[in-house]
Structures are given as structure tokens and as C-alpha cells.
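Remarks on the structure that follows.
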Number of protein chains: 2
Amino acid sequence: MNTLSAEVLCPVERKRTLGRRLPAAMECLAKVARCKTGEPIYCQEDPAHFWYRIVTGAARSCVLLADGRRQIVDFLMPGDLFGVGEGQAHLFSVEAIIAETTVARYPRRRVEVLAESDVEVGRQLRETAFNSIMRLQQRMLLLARTRAIEKVGSFLIEMADRSSPATENTVALPMSRYDIADYLAIAVETVSRALTQLRQRGAIVLDSSRVVRIIDRGALQEGCTVRH
Amino acid sequence: MNTLSAEVLCPVERKRTLGRRLPAAMECLAKVARCKTGEPIYCQEDPAHFWYRIVTGAARSCVLLADGRRQIVDFLMPGDLFGVGEGQAHLFSVEAIIAETTVARYPRRRVEVLAESDVEVGRQLRETAFNSIMRLQQRMLLLARTRAIEKVGSFLIEMADRSSPATENTVALPMSRYDIADYLAIAVETVSRALTQLRQRGAIVLDSSRVVRIIDRGALQEGCTVRH
DNA sequence: CGATCGTTTGAGGTTCCTCAACAAGTGTGG
DNA sequence: CCACACTTGTTGAGGAACCTCAAACGATCG
């Protein structure tokens, strides 16, 4: 009975699905573009004429709030499909966060038409959407954590699970502390302090400020796991 | 350029989509069941053999965390489809929260097969999934709010937008303060205090503890809106 | 070399959580 | 019908966690 609950925390199954390419019929509609660091892939309120997929690199999906805060809605990694099903205009901005980020662009209308004629494409899109829903639900549980140290701990585990299995315990964070703070909805200083505290507890080692080695996975999840 | 951003806050378009019935081909697979208050519709880790839709009443989708807290993942209202695309077992429990809650149950396998043969069903399911994603993203922005009073304010607006348009300014909350607290990831006392404060500011009137009249919508959204 | 950015640490103030008490409403059994 | 327990909602007091402001340091870049 724990097989599924394990999936909640260690989304290996999901990773496989997200990482793989889309059906050939859809891939041949794609055009690939290259983005510099900080360069927007699209902006909030731009007409949503395309769907996108990260090929290499990483990006952040974010929104500016009225109080001046920036909320990062998601970090996008290779294989992630985004900008999908958003009505007439994009609800968020998406910007590359590391150099050499390449993005595949799919014309929305043509994909929608394709989905109605090609059963396989339709099924794949539904599956992708369902996976997004699961990831969003996990993110909601993360944001719902009350303590900053639990948020940061869960974040590190999320990043570890999303990176390649080979380097599961050494995470190279592509984003700054500011990005992490806006993702977790806490202050930058609090992120820094939480990392320091996790280091002092022996849960992690900071090889550099952007490279984290996870020593004690259990300590990171402390109080963050689902009860059985 | 504000058409879309308005949709972010006042999801009228979404409501219409969610409220309407699914295609006839899918509806005829459904069986309707009745649930008492507090009765589970399904439990966390139950095999996910069915999809569900609320016909009348309301329900809460929740998860128990290791620290004993209960996180409510979503409130489900008439028309809402749930339990969809969850792998082999349900990730959350769903319980009715008011008497006379009726739920339609769709056999998952048969719906999936149907979606591959019936283009209309497939399209409708994708649309539903995309709508869920938009709602989840809105919920994420809600949880990302830093102040309790903003969370409660946004919550009231969310509930107002999800109830019938006729009663848009008078919201009958089907859930207790405890449910609201677990939904917003704050303490019950904080929910109560935030409502009192909103009442004192003249933003709302409490006709009874469960019936809220929204007087000043702007005051509820204070600092919660997206910047343009 | 100065400027800027990213990261870390400290000090003080604010918000929220915890514990506690109380009031009102609901159901139950004598 | 009333006494009682229980649930639900509200309010107060004290303490913990986090945010804000400030400063310092290293790295990168022009």
C-alpha cells in the first residue's frame, strides 16, 4: 500500500513521463529557439499562440503581484511542457534562468487540431496534463508547509528528484536564492538561514552555494511526509 | 489587455466550463450515489478505479501530514470533476461536508477507452484538465500570500466566484472554520480573527457565521491582485 | 579598480501560532 | 424537559517564527 505514497514523495514515475519526447507527429511541428539568461520566452498577457517545451537549460514561470512581490509559479526543466491550456493570453511570464537554454515551440492551433485527429497525441496531452496536476498538487502541499526549514527541505528533495537519477544526491541548483525565495514565498534571508541550519544539522553539505549534497534525506523531509 | 488578467481573479469563464455536464457518451457510464456529512467518498491510497463529479452538495479533498496536520487540497462544488489522472491509487481522501451530497461515479477504464475513440470526450477531458491546472495555479498564488488576512480575503472571493452568479455577493460557506484553516494552512483562530478584522473594516458583513456578504470586494483583494 | 550582484549573518519589530477560556448552538440520555 | 457533553466560533495573552532593515563579504564584469 506504500507504492503509491512513495510516488508522492519520489516522483520517479512522473519524471520518466515528463522527460520523454512527445509523439513524432507533434514534434515535427516544433521550432527550437535559444535563449540567454534572464531573457523572456514569453510574457504575462502575451497572446497564447504557442505551447513550449524546455529542451536544455532551465526557466522560471512567474507573476508580478500588486504588492511588488514576484511569485515564481514553477521551475521548468528539460522535458517540461508549459504554456498549455491558458485561454487567450499567457497568465505568467517565463524567463530562462541559465545560459544555453533551448526551447521547442509548438503552434497551438495546429497541435489542438492534431490532438483531435491523432488519438495518440490526444492521449499523450491528457497524460501530460494529468502529470502537471499531480505536480501542482505536490507544490501546493509544499507551499502549505508552515515552517521555512520544511519548505527548503522539501524544495531540495523536489529538485533532487527532478534531476537525473545518477546525481540524485548532488543537486546543482540552476536558480539563485532570490528565485528559491520567490518560489517558496519566503524571504531570501530565510532561505539562506534555513540552508545554514540544515548544514549545521548535517542534513546537507554545500559544495558551493549552488551545489548541494544531500546527506540525510530523512532530515529534510522531517514532518513533510504524508501520514499512512 | 486586461481581459485575461480579469479572468485570473474572476474566473467566470472557468466556472461555466466546470459547471456544465460532460458529454452524453460519458454521462451514461455514471452511477449516482448519495453521501452523508463527513462520509468519505474515497480514501487516500484506495485503488483509483473511478473518476467522480459532484452533482449536489460539497466535499473536501484532503491529506493527513506526518505532523498530524490535515491539509485540505481542494473544496469540491457541484460540477467539479475529481479523482482524475492519479496513477494506481488515490493520493487524497475526499469527504462530503454537507448533507445531501450526491456524487456521480465514472468507471475509469471505460472512460479512458471512450476518450480514445470519442474525439469529443477526449477534447472535453483535456479541457477539464487544463481548467484544473488553471485553478490549481490560482490556489498556489493564494497559498503563496504572506498575510493571513489576504488569504482569507482571497478565499472569500474564490468562494463567491464559484457560487452561482445570482448570489455573487452573498456567500454561503459550506465548510467550518477548521476546514477553512486547513485549506489556507493557517490556524483556526487566525481565520476567525481575520474575518473579525475584515468585518470591522467594513469589507464584509456576517449574516451568520457561515453566511458572508461581501461589501467591499476591493478591500478583500488588497495586495492580492496581479500587477499589470 | 569600482560597481553590481549574490550570499550570509545580525538586530529589532511584526505576524502568527499555541494555549486557554468562554459563549452559543446541537445532540443525547435520563 | 433539563442537564450534560460536544461541537463550533470567538477572543485574549505570551512566545516563536519570520520579515525588514542593515551590514559585510566574495565573485563577476565592465
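Every chain is numbered from 1, with letters handed out A, B, ... down the list of sequences.
Among the heavy atoms of the strands lying under 4.0 Å from A:Arg210 are primed sugar atoms or P, OP1, OP2 only; no base atom is included. Within 4.0 Å (heavy atoms only), B:Ser176 reaches sugar-phosphate atoms of the nucleic acid but no base atom. When heavy atoms are screened at a 4.0 angstrom cut-off, A:Leu195 is found touching no nucleic acid atom at all.
Atom NZ of A:Lys36 and atom C1' of D:dC29 are 16 Å apart (whole Å). Atom CG of B:Asp179 is separated from atom P of D:dT7 by 14 Å (rounded to the nearest Å). In this structure, the CD1 atom of B:Ile149 is 14 Å from the C1' atom of C:dT14, given to the nearest Å. We find that CG of A:Asp67 is positioned 13 Å from C1' of D:dC19, with the value rounded to whole Å. The separation between B:Arg177 atom CZ and C:dA24 atom P is 16 Å, rounded to whole Å. Rounded to whole angstrom, the span from the CG atom of A:Asp182 across to the C1' atom of C:dG6 amounts to 14 Å. When rounded to the nearest whole Å, the span between CD1 of B:Ile98 and P of D:dT8 equals 15 Å. Atoms CG (B:Leu184) and P (C:dC17) sit 10 Å apart, rounded to a whole Å.
Proximity note for A:Glu189 (side chain, C-beta onward) versus C:dT8, D:dC21, C:dC16: the nearest is D:dC21. Between C:dT15, D:dC18, C:dT8, one nucleotide has an atom nearer to the side chain of A:Ala148 than all others, and that is D:dC18. Distance from the side chain of B:Arg147 is smallest to C:dT15 among C:dC17, D:dT8, C:dT15. Here the side chain of B:Leu206 is nearest to one of C:dC17, C:dT8, D:dT10, namely D:dT10. Distance from the side chain of B:Arg193 is smallest to D:dG12 among C:dG10, D:dG12, C:dT7. Ranking C:dT8, D:dT8, D:dC18 by closeness to the A:Thr190 side chain, first place goes to D:dC18. Checked against C:dT18, D:dG9, D:dC19, the side chain of B:Ala187 finds its nearest nucleotide in C:dT18.
Note: A:His90 and A:Tyr52 have tilted aromatic rings, judged against thresholds of 30 and 60 degrees for the angle between ring planes.
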Next on the checklist: Quick one, B:Tyr42 with B:Phe50, criterion ring-ring contact (aromatic ring centres under 6.0 Å, His included). Give me CA distance, side-chain angles, the key distance, then yes/no.
Outcome noted: CA-CA 10 Å; B:Tyr42 60 75; B:Phe50 298 94; 9.8 Å; no

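Looking at B:Thr167 and B:Thr170, their side chains never bring a donor and an acceptor atom within 3.5 Å of each other.
Between B:Asp74 and B:Arg135, at least one side-chain nitrogen of the basic residue sits less than 4.0 Å from a carboxylate oxygen of the acidic one, meeting the salt-bridge criterion.
Position along DNA chain C of the nearest nucleotide to A:Met175 versus A:Thr146 favours A:Met175 as the more 5'-ward residue.
Side-chain contact between A:Val212 and A:Met159 is absent, with no heavy-atom pair separated by less than 4.5 Å.
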